[in-house]
Visitor: 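Before I ask anything, let me first share the structure, which is written out below as structure tokens.
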2 protein chains.
Amino acid sequence: MPDKDQERLAAELGAAGGQLMRRLRAASPQGELTPTQRSVLGRIINDGPATIAALARAELVRPQSMGVTVGSLEERGILARSPHPTDGRQVVFSLTEHGRRTIETVRRAKQNWLAVAIAERLTPEEQRTLAEAAGLMRRLVQE
Amino acid sequence: MPDKDQERLAAELGAAGGQLMRRLRAASPQGELTPTQRSVLGRIINDGPATIAALARAELVRPQSMGVTVGSLEERGILARSPHPTDGRQVVFSLTEHGRRTIETVRRAKQNWLAVAIAERLTPEEQRTLAEAAGLMRRLVQE
DNA sequence: TATTGTTATACTCTATAACTATA
DNA sequence: TATAGTTATAGAGTATAACAATA
């Protein structure tokens, strides 16, 4: 059973997280990648090509929702589909060359508001705290 | 200029934050309060009655967007409007008795998924890390 | 029967643009 | 002219439900 401090921390974390996400979305205008798209692409970059169902499980969304996200990335030529070698139901998505270049561009410091803010406004120790906290947040959302 | 570590931290924080917010939204079904609504109510509880414009500035959204959020809370009888004493343009929103009771209910541990997860799955030191990180996130989003 | 993916529909959150009323 | 609020419209992200194809 949570005590007062833990309830307050939950409220504060939710509010701060919401602001951070809003800020991130606001900082990715027009043709750029949205936070959701970046998250999906980051996973494909780290773990390799993946199916919609696998991405949905990893990102904690419904397959239909992931279908929309992946579909928009496919439309933009950032992801390309290919059939699964043995399972005819599955469709594997991988990064295209154009996608790889797009991501390189996005990762450039100028476009990357959050990375700049972290570098300029947090001490190294605070950056370590934040990195640790990101891991803790990952642990909390795991079912 | 951010280095590789800082860029990676930014990406990781964005991804973890996104998952946390999705999980929070999924954990507040039907008649409950959404994270955005909770954030606004928390601010009114802490700082007292406020106008739409003031809430919009504090929460980093446009006044029109805040108008939608506040409007939905007003429809549900959680917030009530009253005219500003001296400025005829402004409308001040405050918590109703029904709103106060709603929030009490939401804050009960059973409904509060995140508080329970924090209490059960993080050590006291990890909780302190997370609390500190929430403050850092607040600082980062400040313009 | 279970899983993968698609299509249709709807809700929340946020945005921009254009307007009215008040200062 | 500037600020507070409203209304209209749109887009992103997510959800549920119903379906087809494959395992």
Side-chain angles (χ1 to χ4, degrees), chain A residues 14-15 17-41 49-76 79 81-93 141, chain B residues 14-15 17-41 49-76 79 81-93 141:
Chain A
Q19 288 205 349
L20 180 65
M21 296 317 287
R22 278 197 292 274
R23 193 73 153 71
L24 274 172
R25 199 170 313 148
S28 59
Q30 335 119 332
E32 300 300 324
L33 297 170
T34 65
T36 302
Q37 292 171 339
R38 273 204 293 270
S39 188
V40 168
L41 289 179
T51 65
I52 287 181
L55 288 169
R57 277 191 298 267
E59 293 290 321
L60 306 175
V61 299
R62 298 299 153 122
Q64 299 98 314
S65 305
M66 185 54 69
V68 176
T69 301
V70 166
S72 74
L73 289 169
E74 188 187 13
E75 263 181 25
R76 290 178 55 186
L79 292 181
R81 66 172 60 208
S82 51
H84 190 280
T86 65
D87 187 335
R89 296 169 305 181
Q90 298 187 39
V91 182
V92 180
F93 286 88
V141 301
Chain B
Q19 289 206 347
L20 181 66
M21 298 316 286
R22 279 198 292 274
R23 192 72 153 73
L24 274 172
R25 198 174 314 147
S28 59
Q30 337 117 332
E32 302 298 326
L33 298 170
T34 65
T36 301
Q37 293 172 338
R38 274 204 293 271
S39 188
V40 169
L41 290 179
T51 66
I52 286 181
L55 289 170
R57 277 191 297 269
E59 293 290 323
L60 307 174
V61 299
R62 299 298 154 122
Q64 300 98 314
S65 304
M66 185 53 69
V68 175
T69 299
V70 167
S72 75
L73 289 169
E74 188 188 13
E75 262 182 25
R76 291 177 55 185
L79 292 180
R81 66 172 59 208
S82 51
H84 191 279
T86 65
D87 187 335
R89 296 170 304 179
Q90 298 186 38
V91 182
V92 180
F93 286 88
V141 299

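Letters A, B, ... mirror the listed sequences (proteins, then strands); counts begin at 1.
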Visitor: Going by the side-chain contact (heavy atoms from CB on, under 4.5 Å) test, name the single residue among Arg57(A), Arg81(A), Met66(A), Gln64(A) that passes it with Ile52(A).
Guide: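 Running side-chain contact (heavy atoms from CB on, under 4.5 Å) over Arg57(A), Arg81(A), Met66(A), Gln64(A) with Ile52(A) returns exactly one hit, Met66(A).
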Visitor: Separation of Glu75(A) atom CD from dG11(D) atom P, in whole Å?
Guide: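 One finds 13 Å between P of dG11(D) and CD of Glu75(A), rounded.
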Visitor: Rounded to whole Å, how long is the line connecting atom CD of Gln37(B) with atom P of dT12(C)?
Guide: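 Distance check: Gln37(B) CD to dT12(C) P gives 8 Å.
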Visitor: With heavy atoms under 4.0 Å as the rule, sort Ser65(B) into base, sugar-phosphate or nothing.
Guide: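 Here Ser65(B) touches the bases of the nucleic acid.
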Visitor: Give a yes/no answer on whether the side chain of Thr69(B) brings an N or O atom under 4.0 Å of OP1 or OP2 in dC13(C).
Guide: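 For dC13(C), OP1/OP2 do not have a side-chain N/O of Thr69(B) under 4.0 Å.
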Visitor: Look at the side-chain N and O atoms of Thr36(A) and state whether any lies under 4.0 Å from the OP1 or OP2 oxygen of dA12(D).
Guide: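 It does not, given that no N or O in the side chain of Thr36(A) lies less than 4.0 Å from OP1 or OP2 of dA12(D).
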Visitor: Do Thr51(A) and Arg89(A) make a side-chain contact, defined as non-hydrogen atoms from C-beta onward lying under 4.5 Å apart?
Guide: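 No, their side chains stay 4.5 Å or more apart.
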Visitor: Enter the distance from Thr36(A):OG1 to Leu41(A):CG here, rounded to the nearest 0.5 Å.
Guide: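 Going from OG1 on Thr36(A) over to CG on Leu41(A), the span is 11.0 Å.
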Visitor: Is the side chain of Gln19(B) donor-acceptor paired with the backbone N or O of Ala58(A) at a distance under 3.5 Å, no angle test?
Guide: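 Judged by distance alone, yes, a pair lies under 3.5 Å.
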Visitor: Which part of the nucleic acid does Ser39(B) contact within heavy-atom distance under 4.0 Å: base, sugar-phosphate only, or nothing?
Guide: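 Nothing: the residue Ser39(B), judged by heavy atoms under 4.0 Å, touches no strand.
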Visitor: Quick check on DNA chain D: between Val68(A) and Thr86(A), whose nearest nucleotide comes earlier from the 5' end?
Guide: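 Comparing both residues, the 5'-ward one is Val68(A).
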Visitor: Kindly say if Arg38(A) contacts the phosphate of dA12(D), meaning a side-chain N or O under 4.0 Å from OP1 or OP2.
Guide: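 False: Arg38(A) side-chain N/O out of range (4.0 Å or more) of dA12(D) OP1/OP2.
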Visitor: Within the modelled atom types, does a donor on one side and an acceptor on the other bring the side chain of Arg89(B) and the base of dT3(D) under 3.5 Å apart?
Guide: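 Present.
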Visitor: Would you classify Gly88(A) as touching base, sugar-phosphate or nothing, given that sugar-phosphate means primed atoms plus P, OP1 and OP2, and contacts are heavy atoms under 4.0 Å?
Guide: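 If one applies the 4.0 Å heavy-atom cut-off, Gly88(A) turns out to touch the sugar-phosphate alone, with no base involved.
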Visitor: Using OP1 and OP2 only, check whether a side-chain N or O of Arg81(A) sits under 4.0 Å from dT6(C).
Guide: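 For dT6(C), OP1 or OP2 has a side-chain N or O of Arg81(A) closer than 4.0 Å.
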Visitor: Respond yes when some side-chain nitrogen or oxygen of Arg25(B) is under 4.0 Å from OP1 or OP2 of dT12(C), and no when none is.
Guide: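 Checking dT12(C) against Arg25(B), no side-chain N or O comes under 4.0 Å of OP1 or OP2.
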Visitor: Rounded to whole Å, how long is the line connecting atom CD of Gln90(A) with atom P of dA21(D)?
Guide: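 Roughly 18 Å, once rounded to whole Å.
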Visitor: Rounded to whole Å, how long is the line connecting atom CD of Gln64(B) with atom C1' of dT7(D)?
Guide: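 These atoms are roughly 10 Å apart.
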Visitor: Using 0.5 Å steps for rounding, measure from the OG atom of Ser39(B) to the CZ atom of Arg22(A).
Guide: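 Taking OG in Ser39(B) and CZ in Arg22(A), the distance rounds to 5.5 Å.
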Visitor: Tell me whether the side-chain N/O atoms of Thr34(A) come closer than 4.0 Å to OP1 or OP2 in dG13(D).
Guide: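 Yes.
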Visitor: By nearest nucleotide on DNA chain C, pick out whichever of Gly18(A) and Gly67(A) is the more 5' one.
Guide: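 Nearest-nucleotide comparison on DNA chain C picks Gly67(A).
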Visitor: Would you mind reading off the distance between Arg62(B) atom CZ and dA10(D) atom C1', rounded to a whole angstrom?
Guide: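 Going from Arg62(B) (CZ) to dA10(D) (C1'), I get 15 Å.
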Visitor: Any base atoms under 4.0 Å from Thr51(B), or only sugar-phosphate, or nothing? Heavy atoms, all strands.
Guide: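 Sugar-phosphate only.
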Visitor: Provide, to the nearest angstrom, the distance between the CZ atom belonging to Arg23(B) and the P atom belonging to dG13(D).
Guide: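 After rounding, the reported distance stands at 21 Å.
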Visitor: Please report, rounded to the nearest Å, how far the C1' atom of dT4(C) is from the CG atom of Leu55(A).
Guide: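 Answer to the nearest Å: 13 Å.
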Visitor: I need the CE-P distance between Met66(A) and dA15(D), as an integer number of Å.
Guide: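 These atoms are roughly 10 Å apart.
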Visitor: For a quick test of reading the model: is some side-chain N or O of Arg22(A) closer than 4.0 Å to OP1 or OP2 of dC13(C)?
Guide: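 Checking dC13(C) against Arg22(A), no side-chain N or O comes under 4.0 Å of OP1 or OP2.
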Visitor: So among Leu79(B), Val61(B), Val40(B), which one has a side-chain contact (heavy atoms from CB on, under 4.5 Å) with Thr69(B)?
Guide: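 Running side-chain contact (heavy atoms from CB on, under 4.5 Å) over Leu79(B), Val61(B), Val40(B) with Thr69(B) returns exactly one hit, Val40(B).
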